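Excluded from the calculations below are hydrogen atoms, water molecules and symmetry mates; all remaining heavy atoms, backbone and side chain alike, are included. Residue numbering restarts at 1 for every chain, and letters A, B, ... go by the order of the sequence lines. Worth saying up front: this structure is predicted, and the values here are computed from it rather than measured.
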Amino acid sequence: EAGVVQSPRYKIIEKKQPVAFWCNPISGHNTLYWYLQNLGQGPELLIRYENEEAVDDSQLPKDRFSAERLKGVDSTLKIQPAELGDSAVYLCASSSTGLQDTEAFFGQGTRLTVV
Amino acid sequence: AQSVTQLDSHVSVSEGTPVLLRCNYSSSYSPSLFWYVQHPNKGLQLLLKYTSAATLVKGINGFEAEFKKSETSFHLTKPSAHMSDAAEYFCVVSEGGNNDMRFGAGTRLTVKP
């Protein structure tokens, strides 16, 4: 069974340019997460979906970040415009439920470098 | 809100010696606690989790952790380190009924031959 798939794996863009990341969760997983991981730190939640509904986006910087999960399956995270400080690894994860004791499965991440 | 503190940013052990990675948590409710491992260029993988059943939890690859409510700790141990254990380890807490996972800053484990 395929795990969580993210693309691209690496992305280098100039500041002020837009960028988008794509995530395909494990089949049947209703809950999808986007995390931001800065170098030397633990992942921080950006947004959590239950099916197509964003149930927690309190940490998403909405002035430049947006996300969508059409049809409750794949998801896209966009940054526009990108800033130098956005350089980080963006992780997508999914779980079968949104309950607190449920294992989350993570993709390999997209490493973004803004120059 | 829940949080975790991983007490060591870097731990170095020799192959065949015990491993101890320390984690303290803060939670207002009955928490779920996890340990995830991150190998270079691989996704985070669950090692083990505590969900209010047995306080001593056994995970994959010989790792285990003990939930101690009185000490608000969830330390990860392994009796004998292997070279393949070298990775970044994250302690995670979740509470409140939904899977709002809060990660610690991570502990990098180095295993010397």
Looking at A:Leu99, I'd like to know if its CG atom is crowded, meaning that more than 12 non-hydrogen atoms belonging to other residues, nucleotides or ligands lie closer than 6.0 Å. yes
If you count every heavy atom of other residues, nucleotides or ligands that lies below 6.0 Å from A:Gln59 atom CD, does the total exceed 12?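 No, CD of A:Gln59 has 12 or fewer neighbouring heavy atoms, counting only those of other groups under 6.0 Å.
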To check you understand the geometry: which heavy-atom pair defines the closest contact between A:Gln108 and B:Lys42, and what is its length?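 Scanning both residues, the minimum pair turns out to be NE2-CA, 4.1 Å.
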Proximity of residues 77-94 of chain B to chain A, residues having a non-hydrogen atom under 4.5 angstrom: B:Phe90, B:Ser94
Would you please go through residues 26-33 of chain B and name the residues with a non-hydrogen atom below 4.5 Å from one of chain A, in numerical order?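 The list, in residue order, reads B:Ser30, B:Pro31, B:Ser32.
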Can you tell which part of B:Tyr50 gets under 4.5 Å to a heavy atom of chain A, answering side chain, backbone, both or neither?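 Contact with chain A is absent: no heavy atom of B:Tyr50 under 4.5 Å.
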Is the closest side-chain donor-acceptor distance between A:Glu103 and B:Gln45 under 3.5 Å?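 No - no donor-acceptor pair under 3.5 Å links their side chains.
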Do [X] and [Y] make a side-chain contact, defined as non-hydrogen atoms from C-beta onward lying under 4.5 Å apart?
X	Y	value
A:Arg9	B:Asn41	yes
B:Met101	A:Arg48	no
A:Gln41	B:Phe103	no

For B:Gln38 and A:Gln37: C-alpha separation, side-chain torsions, deciding distance, then whether side chain to side chain contact (heavy atoms under 4.5 Å, CB included) applies. CA-CA 12 Å; B:Gln38 188 175 39; A:Gln37 186 175 18; 3.3 Å; yes
Sidechain-backbone polar pair: A:Tyr33 side chain, B:Asp100 backbone, donor-acceptor under 3.5 Å: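 Not at all, since once roles are kept as given, no pair shorter than 3.5 Å links the two residues.
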